[in-house]
Amino acid sequence: MKNRITLFITCLLCYNLSAQIPFKDLDIKQFQYADAKIRTFDVGFFQDGQSLKTNYGGDFNNGISSKYFQFNGSFSNYVFKNTRKLQHSSSLSGNVNTSKSTTTQDDRPWLLATNIGWNAQSRHYKDKSYVEINPEVNFQYRKNENLLLNAGIALKKGIGRIEPVTDVFMTRWMLKEIEEGGTDISNLTQEDVFAIANRLNVINNYRIFDNRRQLKSQIKDITLALNDKVNGITDQLDLYGIVFDNYTRAFVGNRFEGSRKALAVRPFVASNTRYIQNQENFTRTGMGVEFYGEYIKSRNTSLNAQQSLEFQLGTGYNSNSFDNGMDIIYPFANGKYQFDYFPSSRTTLSYFVEGSYRYVNYSLSDDIIKRPSLGILNARTGLSTSYFINFRTRIQANFSVSYFNQNIMNTINTDQNQLNFSNNISFLHSIF
């Protein structure tokens, strides 16, 4: 009798261990993204409307109300490369914006503004430690107002790695539908799922000039990859339908797993040329440097949820700042928390809250009249959603509320408060 009880307990333990293997219990931290290179190019059209109230004494009822509408066209080119020794990404983007605003004091004409920016991140790894180079350049032009140039380069020394895990979750969504169709997937190991995900990464990066041939090859190879790992799939048409629907109609969002922390130094330069009607144009330039520490973490808590946290703390120095031509030093802190929920493989819902504080000190200046210190607080919270129409086209919507406070220390009745409600609807289509 004792032998039978022992055998029963042993079988029960074996069953419990095997029940922990299926894909829903993956240790996503063990996933290593395949060597890959990704290129995308998007064009977009945006509509945005805002209602704003500004006050200078703490009472919004006595402030200035304003409303505005804008229409924006944009482009974005993105490159991502991943190996065990290198994570590199670069982005070139630009937009042209027209806007119309009205306030309780005046009705302003239509404005035209353009912006072009480029930035890159190159992290060179040795085991888990890395050295990062992060250059950036940005041009902004507002008709009849100003031309602004900003350029900088951040140099970082840190430890940790964040892996893109989007392909793992795409695989999990497809396996979930296969299981719901009656196929037993308990034989799958974690290594099998990771192998399918990395195979999916390679397939996603096929580049064939004929888009129809490219899509046909991708769907065929994804189907074969799943069929090779999942035993007992009897309905091949159903498998093909699951792959086709997820590959052409699903969007699992940007999923990342891991953490990084680093110390950074960022020298920068800036130039601002102002155009004043009936007056001579003038240009003001400045330069500075920032020293800060940063911490970034992203964690997937389930198939449907992801959380991320970012934080920076440091201090900066700016020579000949644009607002007043004085040298300034400014300790600062920035933080952001975001929760992403994925109710299905084609819909993303996100909530975020972020804030920053900067304490501006003018004591380095040699001017005769010393300016008092300045505290600047920015806070924002909002919701965003994305719906994936097909593998090239999607719709996004955003709603946010932001608060701005500028407090001049040791001065009476000089607080400036701003409350901003914003909505945005975007239509994006990827050319290739």
Side-chain angles (χ1 to χ4, degrees), residues 39-54 63-78 90-119 136-150 251 253-254 272-277 322 336 338 340 346-352 354 378-404 418-432:
R39 292 179 180 271
T40 65
F41 186 83
D42 291 348
V43 294
F45 299 96
F46 304 81
Q47 172 274 322
D48 184 55
Q50 291 191 21
S51 177
L52 180 70
K53 280 192 173 182
T54 303
I64 300 173
S65 298
S66 63
K67 297 180 180 179
Y68 86 89
F69 171 86
Q70 69 171 351
F71 185 78
N72 178 300
S74 69
F75 74 90
S76 176
N77 179 54
Y78 175 76
S90 64
S91 177
L92 174 66
S93 60
N95 64 66
V96 177
N97 177 57
T98 60
S99 61
K100 182 71 166 65
S101 63
T102 59
T103 71
T104 51
Q105 296 178 329
D106 60 11
D107 187 0
R108 299 177 182 177
W110 283 91
L111 297 177
L112 173 66
T114 62
N115 180 80
I116 297 177
W118 174 83
N119 68 80
E136 56 183 323
V137 181
N138 187 264
F139 295 89
Q140 296 179 3
Y141 172 72
R142 293 177 65 89
K143 184 180 179 181
N144 298 326
E145 290 190 20
N146 70 321
L147 173 64
L148 180 64
L149 165 65
N150 288 286
F251 177 67
N254 292 318
N272 189 6
T273 300
R274 293 190 177 275
Y275 306 99
I276 302 177
Q277 190 174 8
F322 291 152
K336 180 179 180 180
Q338 181 165 315
D340 300 308
R346 72 176 65 209
T347 304
T348 302
L349 301 172
S350 300
Y351 167 75
F352 70 90
E354 62 184 354
N378 282 283
R380 191 164 72 104
T381 185
L383 298 168
S384 64
T385 181
S386 177
Y387 183 76
F388 199 70
I389 299 174
N390 58 49
F391 74 113
R392 292 188 181 277
T393 308
R394 54 242 186 243
I395 297 175
Q396 297 176 346
N398 305 282
F399 173 78
S400 65
V401 179
S402 61
Y403 172 76
F404 169 83
Q418 196 174 90
L419 192 62
N420 187 5
F421 297 88
S422 175
N423 71 83
N424 176 276
I425 299 175
S426 307
F427 173 84
L428 299 175
H429 181 77
S430 180
I431 295 178
F432 62 84

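Sequence positions, counted from 1, serve as the residue numbers for this chain. Note that these values count all heavy atoms, side chains included, but never hydrogens, waters or copies made by symmetry.
Side-chain contact between Tyr351 and Thr381 is present, with heavy atoms from C-beta onward closer than 4.5 Å. Looking at heavy atoms from C-beta onward, Asn115 lies in side-chain contact with Asn138 at the 4.5 angstrom threshold.
A distance of 7.0 Å separates CG of Asn420 from OG of Ser400, quoted to the nearest 0.5 Å. From Leu147, atom CG reaches atom OG1 of Thr114 across 8.5 Å, with rounding to the nearest 0.5 Å. Leu149 contributes atom CG, which lies 15.5 Å from atom OH of Tyr141 (distance to the nearest 0.5 angstrom). Leu419 contributes atom CG, which lies 13.0 Å from atom CZ of Phe404 (distance to the nearest 0.5 angstrom). Considering CZ of Phe399 and OG of Ser422, their distance stands at 8.5 Å, rounded to 0.5 Å. Interatomic distance, Asn150 CG to Asn272 CG, rounded to the nearest 0.5 Å: 8.5 Å.
Other residues, nucleotides and ligands contribute over 12 non-hydrogen atoms within 6.0 Å of the CG atom of Leu383. Within a 6.0 Å radius of CZ in Phe45, other residues, nucleotides and ligands contribute 12 heavy atoms or fewer.
Side-chain atoms of Asp340 and Ser350 form a donor-acceptor pair, as typed in the model, at a separation below 3.5 Å.
Panel note: side chain Ser74, backbone Gly94; no donor-acceptor pair is recorded below 3.5 Å.
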